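Only one structure is covered here, and it is reproduced in the block below.
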Amino acid sequence: MGIVYVFVNQKGGVGKTTSAINLGAYLAESGKRVLLVDFDSQANLSSGIGIGSAKPGVYQLLSGDATVDEVTRPTAIPGLSVIPAGIDLSGAAVELVKQEDRNFFLRKALDPVRDRYDYILIDCPPSLGILTLNGLVAADGALIPMQCEYFAMEGLALLLQTISRIQKNLNPQLAIGGIFFTMYDQRTKLAQAVVTQVSAYFQDKVFATIIPRNIRLSEAPSHGLAISHYAPQSPGAKAYKSLADEVILRG
């Protein structure tokens with residue numbers, strides 16, 4: 001049975017999608033079977049891995065108009081597949097609210113294929129709305145990318161409250177899979193202070209790998225490539241390779 005991780009942070013621009021793509025790529029290159037699920041109507045993960053907004057996609061899967069096999073597509077990286085999203089997913093947020101089991105749609109859609117993959121990685125929108133709740137209910141663990149700034153610490157507290165409520169009411173198996181820092185600039189005292197404070201409080205929940213601010217990581221999605229294929233020797237590539245190694249070690 002594969003492990004399902006959801007990338008979650010209600011703050012935008014912290015590297016959720018970049019992390020999902022590149023962690024997924026390095027896990028696949030390590031010999032793991034990986035499925036990426038684009039669960040954001042902006043479809044940045046889909047375009048960033050070279051698929052683009054495509055139909056049928058995750059919206060058709062949720063609505064019952066397509067099977068999981070019909071919406072799953074291969075990528076240029078062996079062992080890495082993706083379920084793409086499109087702008088039509090924004091309508092699902094409205095439609096799901098009317099359903100009694102509105103928080104379980106994604107879980108039910110992915111359960112039949114969990115044994116096909118070692119890892120399923122879900123990229124959620126930057127909010128704590130119905131789509132993100134579906135991602136948290138479907139997951140075994142939450143991976144939390146955190147930018148090294150003051151307001152990110154405030155947002156982390158709110159996110160952890162939401163995860164706690166999900167654990168109590170909807171998904172008792174949900175765990176904090178890990179917190180990792182992104183866009184780190186070692187020249188700033190604030191970045192160093194955030195890493196020190198969060199690491200001291202959460203201890204083993206924090207990954208040792210820190211993702212640096214790196215222009216190659218920003219460029220790669222515009223080419224539809226993971227950093228492992230775009231700039232494999234860049235600092236960003238080496239960091240995500242290290243993060244993938246940590247995830248594998250954690251099981």
Side-chain angles (χ1 to χ4, degrees), residues 1-8 16-40 43-86 89 92 101 103-124 131-143 166 170-175 177-178 224-226 228-229 240-241 243-251:
M1 184 73 72
I3 301 173
V4 181
Y5 283 123
V6 59
F7 289 82
V8 60
K16 288 191 304 297
T17 301
T18 296
S19 297
I21 291 173
N22 292 310
L23 180 60
Y26 277 114
L27 288 172
E29 291 181 9
S30 296
K32 305 299 182 181
R33 300 163 299 165
V34 183
L35 175 65
L36 296 175
V37 181
D38 192 345
F39 212 48
D40 186 345
N44 289 333
L45 183 146
S46 302
S47 60
I49 199 63
I51 299 297
S53 178
K55 291 184 179 179
V58 71
Y59 174 76
Q60 285 71 33
L61 176 62
L62 294 180
S63 63
D65 294 329
T67 66
V68 67
D69 289 321
E70 291 171 333
V71 301
T72 302
R73 291 168 171 75
T75 70
I77 299 174
L80 182 65
S81 301
V82 61
I83 297 178
L89 184 59
D101 55 349
N103 295 311
F104 292 84
F105 270 65
L106 184 59
R107 180 173 180 169
K108 291 177 180 177
L110 295 178
D111 272 350
V113 296
R114 283 190 57 161
D115 59 350
R116 299 185 192 176
Y117 301 96
D118 298 301
Y119 295 96
I120 297 177
L121 307 180
I122 305 168
D123 182 36
C124 286
L131 295 181
T132 299
L133 291 180
N134 262 259
L136 288 166
V137 170
D140 301 307
L143 295 179
I166 296 293
L170 297 170
N171 183 7
Q173 285 74 43
L174 179 65
L225 296 172
S228 61
H229 281 203
Y240 275 111
K241 172 64 168 65
L243 183 63
D245 291 341
E246 279 197 78
V247 169
I248 292 171
L249 283 174
R250 291 194 179 198

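Heads up: numbering here begins at 1 and tracks the sequence. Because the structure is predicted, anything quoted here is derived from the model rather than measured.
You'll find the side chain of Leu89 reaches within 4.5 Å of the side chain of Leu62, heavy atoms only. The side-chain heavy atoms of Leu80 and Leu36, taken from C-beta on, include a pair separated by under 4.5 Å. The closest side-chain heavy-atom distance from Ile248 to Tyr119 is below 4.5 Å. Here the side chains of Leu106 and Val137 are not in contact, with every heavy-atom distance at 4.5 Å or above. The shortest side-chain heavy-atom distance between Asp111 and Phe104 does not fall under the 4.5 Å cut-off. Leu170 is not listed as a side-chain neighbour of Leu133, based on a closest heavy-atom distance of 4.5 Å or more. When side chains are defined from C-beta on, Leu23 does not count as touching Tyr5, because their heavy atoms never get closer than 4.5 Å.
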Verdict with reasoning, Thr72 to Val113, per side chain to side chain contact (heavy atoms under 4.5 Å, CB included): CA-CA 11 Å; Thr72 302; Val113 296; over 6 Å; no
Verdict with supporting geometry, Asp40 and Lys16, salt bridge (Lys or Arg N to Asp or Glu O under 4.0 Å): CA-CA 11 Å; Asp40 186 345; Lys16 288 191 304 297; over 6 Å; no
Audit row: Ile122, Leu110, side chain to side chain contact (heavy atoms under 4.5 Å, CB included) steps and yes/no: CA-CA 11 Å; Ile122 305 168; Leu110 295 178; 4.1 Å; yes
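With sequence neighbours excluded, the residues forming a side-chain hydrogen bond (donor to acceptor under 3.5 Å, both in side chains) with Asp140 are Arg114, listed by chain and number. Taking the side-chain hydrogen bond (donor to acceptor under 3.5 Å, both in side chains) definition, one finds that Tyr26 meets it with nothing, sequence neighbours left out.
Atom-to-atom distance recorded for Asn171:CG and Leu136:CG is 8.0 Å, nearest 0.5 angstrom.
Residues Ala20 and Leu45 share a closest heavy-atom pair of CB-CD1, 3.8 Å. The two residues Leu131 and Cys124 have their closest heavy-atom pair at O-SG, 4.2 Å. Heavy-atom minimum distance, His229 versus Leu225: CB-CD2, 4.3 Å. Contact detail for Ala85 and Ala43: the closest heavy-atom pair is O-CB, 3.4 Å. Pairing each heavy atom of Pro56 with each of Glu70, the nearest pair is CG-O, 3.7 Å.
A donor-acceptor pair under 3.5 Å is formed between the side chain of Thr75 and the backbone N or O of Ile77.
Checking Ser46 against Asp38 by side-chain atom types alone, a donor-acceptor pair falls below 3.5 Å.
For residues 115-124, the pairs satisfying salt bridge (charged side-chain N to carboxylate O under 4.0 Å, His left out) are Arg33-Asp118, Asp69-Arg116, with sequence neighbours left out.
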